[in-house]
Protein chains: 2
Amino acid sequence: MANKHVKEMQVLKEHLGKHQLKLTRQRELILNAFLRQEHITAEAMYHQLAKSDPHLGLATIYRTLNLFCDAGLAQARHFGSQTKYDNVSHKGHHDHLICTSCDQIVEFENEEIERLQEEVAARNGFTIKTHRLELYGLCSRCRH
Amino acid sequence: MANKHVKEMQVLKEHLGKHQLKLTRQRELILNAFLRQEHITAEAMYHQLAKSDPHLGLATIYRTLNLFCDAGLAQARHFGSQTKYDNVSHKGHHDHLICTSCDQIVEFENEEIERLQEEVAARNGFTIKTHRLELYGLCSRCRH
DNA sequence: TTGAAATTGATAAACTGTCTCAAAATGATA
DNA sequence: TATCATTTTGAGACAGTTTATCAATTTCAA
């Protein structure tokens with residue numbers, strides 16, 4: 001299981017190398033747990049890992065998830081009072097439809113939008129690495 | 001100045017009437033200040049209003065901005081660790097191109113993307129109120 | 001193997017936003 | 001306009017989430 005996510009581990013190692021950071025047991029452990037999720041909060045991951053590693057600190061989870069964001073493996077999304085960490089590599093990139101009333105989240109992908117984004121970027125001399133698109137509104141149930 | 005935003009004040013009064021709420025000096029004051037912004041945090045509004053009204057409580061700002069959300073005048077968006085209250089009556093929405101190297105921000109608008117967003121939302125039964133689109137990458141200068 | 005540098009775990013602290021409650025303000029009614 | 005039930009306010013306490021602190025431990029280059 002530990003060598004299942006070779007590519008992502010490689011990305012992490014490269015990031016660590018570039019920034020004089022070190023590979024630790026915790027970082028490996030958290031990476032593997034994280035890559036099994038689509039998105040998760042630090043708190044949820046803390047409780048999940050507490051079963052196998054009761055002494056893993058919450059602060060370490062936060063630090064490590066933020067590290068993953070720096071390395072481009074995760075993306076933080078602030079919603080309500082919590083932060084969700086999205087697994088960027090797990091699937092293709094997905095954007096979000098968010099109901100501001102019931103907090104329901106629908107994920108979607110739209111090639112045409114992505115293409116237009118590239119176009120806009122190119123027109124401004126930018127090369128896109130990642131993006132974030134969130135549509136806020138009311139789902140069909142809450143509109144009534 | 002106080003009678004500049006007649007339409008929005010009317011919306012507020014209707015909401016208050018419907019819910020057995022009262023029109024107060026603070027609610028008028030905060031509404032007028034809010035409508036001058038495109039989006040603002042409760043904290044920022046607190047400091048801004050403190051100059052003219054040193055005894056306006058932060059809790060009152062929060063309560064009132066949330067009231068505006070209920071009335072449909074504002075919309076809360078979680079941004080970073082803070083909540084920004086968007087002025088819904090402002091329409092000129094702009095998106096952002098952000099250089100991850102030099103932090104330069106370029107604003108843009110793209111009608112076609114907006115149209116596709118509506119399409120995606122409709123397909124999922126959503127009615128969009130606002131959205132956020134951020135493209136992260138390297139600007140032409142930083143790419144070299 | 002050694003040792004400088006980074007990391008960890010535990011917890012304190014910071015931050016944002018909500019709750020509490022006595023005092024004040026509102027507005028419907030007389 | 002005076003009355004008064006109801007709502008609102010201000011100030012601070014409080015709660016939930018995330019970051020900072022720091023001594024002890026771990027990593028990894030030499």
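Order of the sequence lines sets the chain letters (A, B, ...), proteins ahead of strands, with each chain counted from 1.
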*Between A:L21 and B:L21, name the one whose nearest nucleotide on DNA chain C is closer to the 5' end.*
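The residue mapped nearer the 5' terminus is A:L21.
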
*Sequence-distant partners of A:E134, salt bridge (Lys or Arg N to Asp or Glu O under 4.0 Å), two or more places apart*: A:R132, B:R132

_Residue list, side-chain contact (heavy atoms from CB on, under 4.5 Å) with B:A122, at least two apart or on another chain_ = none

*asked:* Under the rule for side-chain contact (heavy atoms from CB on, under 4.5 Å), what residues qualify as partners of A:A121, not counting sequence neighbours?
replied: A:F126, A:I128, B:L97

_Pairs meeting criterion salt bridge (charged side-chain N to carboxylate O under 4.0 Å, His left out) with involvement of residues 116-130 of chain A, two or more places apart_ = A:R115-A:E119, A:E119-A:R123

_Pairs satisfying salt bridge (charged side-chain N to carboxylate O under 4.0 Å, His left out), at least one member in residues 72-82 of chain A, at least two apart_ =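 Sorted pair list: A:R77-A:D86.
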
*First and last nucleotide of DNA chain D, 5' to 3', lying under 4.0 Å from heavy atoms of chain A*: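 Taking any atom under 4.0 Å from a heavy atom of chain A, the span is D:dT17 to D:dC28.
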
*Could you give the CD-to-P distance, from A:E28 to C:dA6, as a whole number of Å?*
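One finds 20 Å between P of C:dA6 and CD of A:E28, rounded.
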
Pairs of donor and acceptor atoms involving the side chains of residues 9-25 of chain A, under 3.5 Å and at least two apart or interchain, shall be tabulated with distances.
residue : atom : partner : partner atom : Å
A:H19   : ND1  : A:H15   : O            : 2.9
A:T24   : OG1  : A:R27   : N            : 3.1
A:R25   : NH1  : A:D53   : OD2          : 3.0

*asked:* At under 4.0 Å between heavy atoms, how does the protein contact nucleotides 16-24 of chain C? Give one character per nucleotide, 5' to 3', with B, S or -.
replied: SBBBB----

*Can you tell me which residue pairs pass the ring-ring contact (aromatic ring centres under 6.0 Å, His included) test with a partner in residues 20-70 of chain A, sequence neighbours excluded?*
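As it turns out, the ring-ring contact (aromatic ring centres under 6.0 Å, His included) pairs with a partner in residues 20-70 of chain A, which skip direct neighbours, are A:F34-A:F68.
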
*If we fit an axis to the first five pairs and another to the last five of the helix from C:dT1-D:dA30 to C:dA30-D:dT1, what angle do they make, to the nearest 10°?*
30°

*Mind running a 4.0 Å heavy-atom check of residues 46-57 of chain B against DNA chain D and sending the residues that fall below it, in number order?*
B:H55, B:L56, B:G57

Nucleotide N/O of nucleotides 1-5 of chain C paired with protein N/O under 3.5 Å:
residue : atom : partner : partner atom : Å
C:dA5   : N3   : A:K22   : NZ           : 2.9

